[in-house]
Every structure is written in C-alpha cells, then in structure tokens.
Amino acid sequence: ETKNNLKQQESKKIDYIKNNLEKYTTAGKVNTDTNSLTFANVDKLLNFDIKNLINHFEKESEFYKEGSYSMIKTATSKYSIIENNVVFDFKSDKAYNSLTYLKNKLGTTNLNKVARELQKLTGEKFLEINTPAIKKILETSKKFSSEVKGFEDKNDYFVGWENNDDKLN
C-alpha cells in the first residue's frame, strides 16, 4: 500500500508540474544592458533536449515507459519526462528544465559559463554578441580619441609644433 501512496504522490507532483508548466519552461528576460560583450541565449538553452543532457552527464541512462509516463533511469536518479524539456527527478524531488539541469550539473548559476560549457560539449553557439554594449564601447572610444586628438593639437601648438611636420626638419 505504501508503494501505491508513493505512486499517487508522484502522480500528483507530475500533474502539478504539467498544470504549471510555464513556471518550469521560462527563465525570465536576460539583461543585455550590461557592459558584457556577450550574453547567453536563454531560449536556446531552455530548448536544448534535456534527454541528451541527462544521457551525457549521467551516462548509462535507460529510457522506458512506466504506465503513461516516459522515464529515464540513471545510476543516481529516476526522471519522469513531463514535456517541453521538463523532467521530474523522483530521488531529489525536484523538477528541472534544460537550463536548471545544466546549472545543477555544472555547479554554477552564471549563464555565460553554462552557455560556454554547453558550446564546448555540442559545438553549437549559445552565446550572443551584445551589440548595444559594443556600440557603447565604440562610441566611448571615438569620443575619447577625438578628445585626445584635440588635446594633442592644443599641446603641439603650445610647444610650438603647430601640427606641422616641416618644423621637425
């Protein structure tokens, strides 16, 4: 009977996750208003196949059906595949999407690090260039270089060079 109770509890958890799937399939807006030159493509990370991640990180995984549920059993965990790259780990009593699974396995919450590690693993790009930050850097350097040029012109004039190469001879 305790096995039936456990199965009912597991079913309730899975139903809860299914009914609140958006909570498990979104990560919020990534802030691109930083000076970082790159940022992680969170949508692409979330859409990466979690079954492949589990197979890579936990090796020796077995895929099977248990009633109406698709399952993955590994040496350390037993997952129920919900949908939209969401799994429920019965042993840890946690639900994961691809991104939260990667954060857990890599031991970091740094999205850029997660993206770089997955890129190493797959060869796919998960980092995006932060165009606004690069534009800001270029604008700042252009402004700075014109200020320096103006300073040099004034300094040469006061020294008596007056920006004229003939004076060097």
Checking side-chain contact (heavy atoms from CB on, under 4.5 Å) for the pair Glu66/Lys73: CA distance, chi angles, key distance, verdict? CA-CA 11 Å; Glu66 188 173 290; Lys73 184 166 176 66; over 6 Å; no

Would Val87 and Ile81 satisfy side-chain contact (heavy atoms from CB on, under 4.5 Å), going step by step from the backbone distance to the final call? CA-CA 5 Å; Val87 296; Ile81 303 168; 4.2 Å; yes

Less than 3.5 Å apart, which donor and acceptor atoms pair up between the side chains of residues 49-57 and the rest of the protein, not counting sequence neighbours?
residue, atom, partner, partner atom, Å
Asp49, OD1, Lys51, N, 3.2
Asn55, OD1, Ser61, OG, 2.7

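Here CG of Asn104 is found 11.0 Å from CG of Leu99. Values are rounded to the nearest 0.5 Å. For the atom pair CG (Leu45) and OG (Ser98), the distance works out to 8.5 Å, reported to the nearest 0.5 Å. From Asn85, atom CG reaches atom CZ of Phe48 across 9.0 Å, with rounding to the nearest 0.5 Å.
By the salt bridge (Lys or Arg N to Asp or Glu O under 4.0 Å) test, Lys103 pairs with no residue at all, sequence neighbours left out. Taking Lys65 as the reference, nothing meets the salt bridge (Lys or Arg N to Asp or Glu O under 4.0 Å) condition, with sequence neighbours excluded. Every residue was checked against the salt bridge (Lys or Arg N to Asp or Glu O under 4.0 Å) condition with Glu128, not counting sequence neighbours, and none meets it.
For the salt bridge (charged side-chain N to carboxylate O under 4.0 Å, His left out) condition, the pairs that include at least one residue of residues 89-100, sequence neighbours left out, are Lys13-Asp93. Within the structure, salt bridge (charged side-chain N to carboxylate O under 4.0 Å, His left out) contacts touching residues 116-127 (residues at least two apart or in different chains) are Lys44-Glu124, Glu117-Lys120.
Tyr79 and Tyr101 make their closest contact through OH-CE1, 3.6 Å (heavy atoms, listed as atom of the first residue, atom of the second, distance). Counting all heavy atoms, side chain and backbone alike, Leu127 lies closest to Ala115 at CD2-CB, 3.6 Å.
In this structure, Phe88 and Tyr69 have side chains that are not in contact, with every pair of non-hydrogen atoms separated by 4.5 Å or more. The shortest distance between side-chain heavy atoms of Ser70 and Phe63 does not fall below 4.5 Å. In this structure the side chain of Thr108 reaches within 4.5 angstrom of the side chain of Val114, judged on heavy atoms.
Of the possible donor and acceptor atoms, none in the side chain of Thr100 sits under 3.5 Å from a partner among the backbone N and O of Tyr96. Without hydrogens or angle criteria, Asn97 side chain to Val86 main chain gives no donor-acceptor distance under 3.5 Å.
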